[in-house]
Amino acid sequence: MTVAGVLACTALTGCGGGGPAPGALAPPPKASASAPSASAPASDSASAPATAPASDSASASASPKKPPTMAPGPAGRTPVFERRATGGGAAGRSAEKVVALTFDADMTADQGPRAASGERFDNPDLVALLRRSKVPATVFMTGRWAEEYPAQAKAIGADPLFEVANHSYSHHAFSSPCYGLPVVEKAAMTADVERAFTAFRKAGVRNVVPYFRFPGGCYDDAALRALAPANVTAVQWDVVSGDAFATDADAVAQQVLDGVRPGSLVVMHCTRSAAPATEAAVRRIVPELRARGYRFVKVSELMESGGGR
């Protein structure tokens with residue numbers, strides 16, 4: 001199914017990855033960045049939405065509208081968005097103190113046996129924290145994750161506080177090397193992305209946006225060319241939280257707090273066993289950024305009218 005088809009369907013109907021990444025993480029220039037994540041305990045039904053809270057984002061409870069995208073790059077390459085551009089934008093919005101927290105819901109296509117043996121690849125406590133704190137967020141979900149946790153996927157997509165973006169179906173790499181992940185053949189890249197959108201549709205996920213995050217943040221020019229038929233905007237980041245496989249929540253929080261600037265886009269994970277410190281880090285990040293005057297937004301709002309790079 002095409003992106004347009006999934007978006008039309010969602011309009012009508014309405015967080016495991018690969019192994020540990022070696023060494024420290026760095027912001028993605030044009031090829032790689034974030035470590036793939038892995039798992040988390042709790043039940044699939046635990047993240048059903050409570051009340052839909054008011055949000056930092058002005059658009060969280062607004063009527064649905066077509067999400068903004070970037071124009072294709074040279075020769076039709078998939079465009080890449082990393083953050084809202086500074087020093088420009090409509091009506092000075094680029095200088096606005098806004099920040100987007102994004103969370104990768106990772107699960108690779110071959111991790112079914114691990115899930116069957118009791119390993120969890122979700123983090124409903126983190127989702128619940130975002131709801132209580134009224135923090136809008138974009139969840140980059142793999143299709144395999146949506147298949148494993150359909151009730152949670154549907155609940156996240158039904159909550160206007162959140163939007164669901166594509167993190168591939170398989171969580172395999174779109175360029176190599178990439179943290180030891182298996183590699184998707186170039187000819188199969190669009191099909192992998194579309195398979196994820198199909199998994200969202202089957203799970204009843206609403207609020208699906210035509211954004212895609214490369215597994216591990218790894219891509220090259222060939223991947224941008226190969227993915228062009230999917231008609232998605234690739235979304236990277238300018239702030240690496242360092243939460244993948246981290247156990248020191250304060251270190252994760254400090255890395256985010258030190259890196260955020262107006263228009264920043266932060267990459268985090270919502271897979272507890274692979275990112276066990278994320279929830280505690282968010283407990284510190286949110287109030288400190290709000291005290292600095294920041295407002296949390298989804299990627300769609302960050303992208304809207306603010307330009308990008």
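- Looking only at distances, a side-chain donor or acceptor of D238 sits under 3.5 Å from a matching main-chain atom of L265.
- In terms of heavy-atom proximity, A199 sits nearest to G143 at CB-O, 3.6 Å.
- By the side chain to side chain contact (heavy atoms under 4.5 Å, CB included) test, R225 pairs with A75, R77, D221, sequence neighbours left out.
- Screening K298, K65, R84 against E304 for a side chain to side chain donor-acceptor pair (under 3.5 Å) leaves a single residue, K65.
- Every ring-ring contact (aromatic ring centres under 6.0 Å, His included) that F174 has, sequence neighbours left out, goes to F212, F214.
- Listed by chain and residue number, nothing satisfies the side chain to side chain donor-acceptor pair (under 3.5 Å) test with T233 (two or more places apart in sequence, or in another chain).
- Under the side chain to side chain contact (heavy atoms under 4.5 Å, CB included) criterion, A115 pairs with M107, F121, E148, not counting sequence neighbours.
- Applying the side chain to side chain donor-acceptor pair (under 3.5 Å) rule to T278 yields the partners D243; only residues at least two apart in sequence or on another chain are considered.
- No donor-acceptor pair under 3.5 Å is formed between the side chain of R213 and the backbone N or O of N166.
- Listed by chain and number, the residues in a side chain to side chain donor-acceptor pair (under 3.5 Å) with T138 are E163 (sequence neighbours excluded).
- Contact between A249 and A280 at its shortest, heavy atoms only, is CB-CB, 3.5 Å.
- Closest approach of M70 to F81, counting heavy atoms only: SD-CB, 3.4 Å.
- With hydrogens and angles ignored, the 3.5 Å screen pairs no side-chain donor or acceptor of D104 with any backbone N or O of D106.
- At least one donor-acceptor pair closer than 3.5 Å links the side chain of Q255 to the backbone N or O of V240.
- For Y169, the side chain to side chain donor-acceptor pair (under 3.5 Å) partners two or more places apart in sequence, or in a different chain, are E147, R195.
- Looking at T69 and Y211, their side chains come closer than 4.5 Å, going by heavy atoms from C-beta outward.
- Summarising the geometry, atom NE2 belonging to H171 is positioned 8.5 Å from atom CD belonging to Q111; distances are rounded to the nearest 0.5 Å.
- The distance from the CE atom of M189 to the OG atom of S168 is 10.5 Å, given to the nearest 0.5 Å.
- Remark: E288 pairs with R284 by the salt bridge (Lys or Arg N to Asp or Glu O under 4.0 Å) rule, at least two apart or across chains.
- The CD1 atom of I156 sits 7.0 Å away from the CZ atom of R131 when rounded to the nearest 0.5 Å.
- Taken from CD1 in I285 to OG in S133, the straight-line distance is 11.5 Å, to the nearest 0.5 Å.
- Counting all heavy atoms, side chain and backbone alike, T247 lies closest to A277 at C-CB, 4.0 Å.
- In this structure D248 satisfies the salt bridge (Lys or Arg N to Asp or Glu O under 4.0 Å) test with no other residue, sequence neighbours excluded.
- Nearest heavy atom pair, residue G76 against residue A228, reads O-CB, 3.2 Å.
- Taking K202 as the reference, T198 meet the side chain to side chain contact (heavy atoms under 4.5 Å, CB included) condition, with sequence neighbours excluded.
- Sorted by first and then second residue, the salt bridge (Lys or Arg N to Asp or Glu O under 4.0 Å) pairs with a member in residues 254-264 form an empty list; sequence neighbours excluded.
- Annotation: side chain of P262 is in contact with side chain of Y294 (closest heavy-atom distance under 4.5 Å).
- Considering only residues two or more places apart in sequence or on other chains, F140 meets the ring-ring contact (aromatic ring centres under 6.0 Å, His included) condition with none of them.
- Of the possible polar contacts, none joining the T271 side chain to the A105 backbone as a donor-acceptor pair under 3.5 Å is found.
- Side chain of S170 to main chain of H172: a donor-acceptor pair is present (N/O by atom type, distance under 3.5 Å, no hydrogens or angles).
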